[in-house]
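What follows is a single structure, written as structure tokens, with notes after it.
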Amino acid sequence: MEEKVGMAKLWALFLVVLVLVGSAQAAADRNVSRGGMRRLAGAPGVPVPITVLTSAVAMGAVCMDGTPPAYHMDSGYGAGKNRWIVHLEGGSWCESVGSCLYRKASRLGSSNLMNRQMYFGGILSSSPTENPDFFSWNRVMIRYCDGASFAGEGYDPRSGLFFRGQRIFNAVIQHLLSMGMSSADQVLLSGSSAGALAVVLHCDQFGGFFAGRGTTVKCLADAGFFLDAVNVAGWHTLRTYFGGVVATHGVAQNLPRSCTSHLDATSCFFPQNVIGGIKTPIFLLNAAYDTWQIRESLAPDVADPGGAWRACKSSRFACNAFQMNILQAFRNQMVGTVLSVSRSRSNGFFINSCFTHGQSEYATWKNAYGSPSLQNKAIWKSVGDWYFGRAEVRAIDCAYPCDNSCHHDM
């Protein structure tokens, strides 16, 4: 009887985990339209078809379920014919075999379940109005299906899960090089959220593919500056979570040696410990009040069992004075850490005081109704000025609520 009761409790716990993971997955999938196409908010134009890279399977470069990796590409033309943007898709992570098994049954774990077409918006847009600097470039979105920011290396025989993010990155980049990217004049590796963390981890490796070629190589990390912050209960939620990701996926062997030579692997999954060692120029685009980090790292439900932060996490207007002080302290930590690790003058940053997460893929990049701006310069212009060397861009916003240009999502 005790064994049956114990099994019932375990089964109930498993169902709770599935519900929680399912909710997180639903949030990650919020940009999937009912028609089976993924649309980046504000994206105009013609949908870009998927390319499933079946040749990568021979190299063991596969999604978590063993299916081939995939990408979408809109070819460049005119002045942009020999210029490339390679954008790494985001979508959180999985930190255990159980959560990865759930993730495997979604587009974030299997190319069989990915949308067959995608509308490009923001920095990937083909519209010269929306994307003046990069609209005619070769624009590529590499799909995310490994669960560890393209950094894992391993296989779990019991579950049949493949952790091959590093191989996926290598295989798709080598494929793009063979398609003409090797002779590019200018390239930009970009990404958002988990894809931005991948940019930080792979920026120098990406630059190495073009060594001795005379190519201008730079990186852009949008909403990827995940802080090793203390939560409202006094412990490190994200450190625990990232520790699970690193261990489950075998990430340690693929982390930058400039970091792992003196810090543990989990610490080297945090951008704040990696960026200072990156040689390739990199631009940090981040909201100081990053809503994903507020909800999942600073005040996650597990650290707030009484639900005191529930209303505040839904709307900044519901935050009381005490909570707002904590949010301002988080913003100060964000700003201070960016300034301390991004000292190279070849780097740039745009840290605005908005409540949002991700600003390069969406209408916030540039739109007719006004885009977030700092120092009278919108995001698209700031990134472009930095990339093309038109101006140095190291912009830090004043504290909330001073910025009226924000597009808040909380």
Side-chain angles (χ1 to χ4, degrees), residues 73-88 120-141 173 176-177 180-192 195-196 199-200 202-204 206-225 275 278-286 338 342-352 359-367 371-397 405:
M73 177 176 170
D74 196 3
S75 297
Y77 61 92
K81 188 175 183 180
N82 210 30
R83 299 169 183 173
W84 294 68
I85 289 180
V86 178
H87 190 82
L88 304 179
F120 280 180
I123 195 171
L124 295 178
S125 173
S126 61
S127 165
T129 301
E130 181 181 344
N131 191 24
D133 282 323
F134 304 107
F135 71 94
S136 66
W137 287 32
N138 296 283
R139 287 155 289 108
V140 181
M141 167 78 84
I173 296 300
L176 296 175
L177 289 168
M181 191 170 70
S182 62
S183 60
D185 298 323
Q186 297 172 315
V187 294
L188 175 64
L189 179 67
S190 66
S192 186
V199 168
V200 171
H202 293 299
C203 185
D204 275 345
F206 184 73
F209 286 117
F210 301 91
R213 299 178 188 268
T215 306
T216 298
V217 183
K218 298 186 180 184
C219 302
L220 166 65
D222 170 27
F225 201 77
I275 289 170
I278 295 176
K279 305 303 181 185
T280 308
I282 186 168
F283 191 97
L284 305 178
L285 169 60
N286 226 99
V338 167
S342 192
R343 295 176 179 174
S344 171
R345 305 310 292 189
S346 66
N347 293 345
F349 45 78
F350 183 108
I351 311 298
N352 56 358
Q359 300 177 90
S360 68
E361 296 179 349
Y362 311 108
T364 44
W365 180 251
K366 186 178 187 294
N367 70 79
S371 301
S373 301
L374 288 180
Q375 300 169 1
N376 295 316
K377 191 179 293 186
I379 293 173
W380 71 271
K381 186 72 163 58
S382 298
V383 173
D385 281 356
W386 165 79
Y387 184 88
F388 295 105
R390 297 187 298 237
E392 184 178 78
V393 181
R394 301 171 70 82
I396 299 288
D397 208 351
S405 70

Requested in this report: Indicate yes or no: does D74 engage R139 in a salt bridge with an N to O separation below 4.0 Å.
Outcome: yes

Query raised in the report: For S192 and E361, which heavy atoms make the closest approach, and how far apart are they?
Result: CB-OE2, 3.6 Å

Query raised in the report: Yes or no on side chain to side chain contact (heavy atoms under 4.5 Å, CB included) for Q359 and N352, after CA distance, side-chain angles and deciding distance?
Result: CA-CA 10 Å; Q359 300 177 90; N352 56 358; 3.0 Å; yes

Query raised in the report: What do you reckon, are the aromatic ring centroids of F135 and F120 less than 6.0 Å apart?
Result: no

Query - N131 and W365: CA distance, side-chain angles, deciding distance, side chain to side chain donor-acceptor pair (under 3.5 Å) verdict - result: CA-CA 8 Å; N131 191 24; W365 180 251; 3.1 Å; yes

Query raised in the report: Are side-chain heavy atoms of L284 and I275 found at a separation under 4.5 Å?
Result: yes

Query raised in the report: How far apart are the C-alpha atoms of S346 and S344, what are their side-chain angles, what is the distance that settles it, and do they pass the side chain to side chain donor-acceptor pair (under 3.5 Å) test?
Result: CA-CA 5 Å; S346 66; S344 171; 2.8 Å; yes

Report summary line: Smallest heavy-atom separation, V199 atom then L189 atom, equals CG1-O, 3.8 Å

Query raised in the report: Can you name the nearest heavy-atom pair linking T280 to G207, along with the distance?
Result: OG1-CA, 4.3 Å

Query raised in the report: Which pair of non-hydrogen atoms, one from K366 and one from E130, has the smallest distance, and what is that distance?
Result: CB-O, 3.2 Å

Query - Sub-4.5 Å side-chain heavy-atom contact between W84 and M73 - result: yes

Query raised in the report: Would W137 and Y387 count as a close aromatic pair, with their ring centres under 6.0 Å?
Result: yes

Query raised in the report: Going through the checks in order, is the side chain to side chain contact (heavy atoms under 4.5 Å, CB included) test met by N82 and S183?
Result: CA-CA 7 Å; N82 210 30; S183 60; 3.8 Å; yes

Query raised in the report: Is it the case that more than 12 heavy atoms not belonging to K377 sit under 6.0 Å from its NZ atom?
Result: yes

Query raised in the report: Given F225 and I351, is the side chain to side chain contact (heavy atoms under 4.5 Å, CB included) satisfied, shown in steps?
Result: CA-CA 10 Å; F225 201 77; I351 311 298; over 6 Å; no

Query raised in the report: Quick one: CG on D185 to OG1 on T215, what's the gap to the nearest 0.5 Å?
Result: 7.0 Å

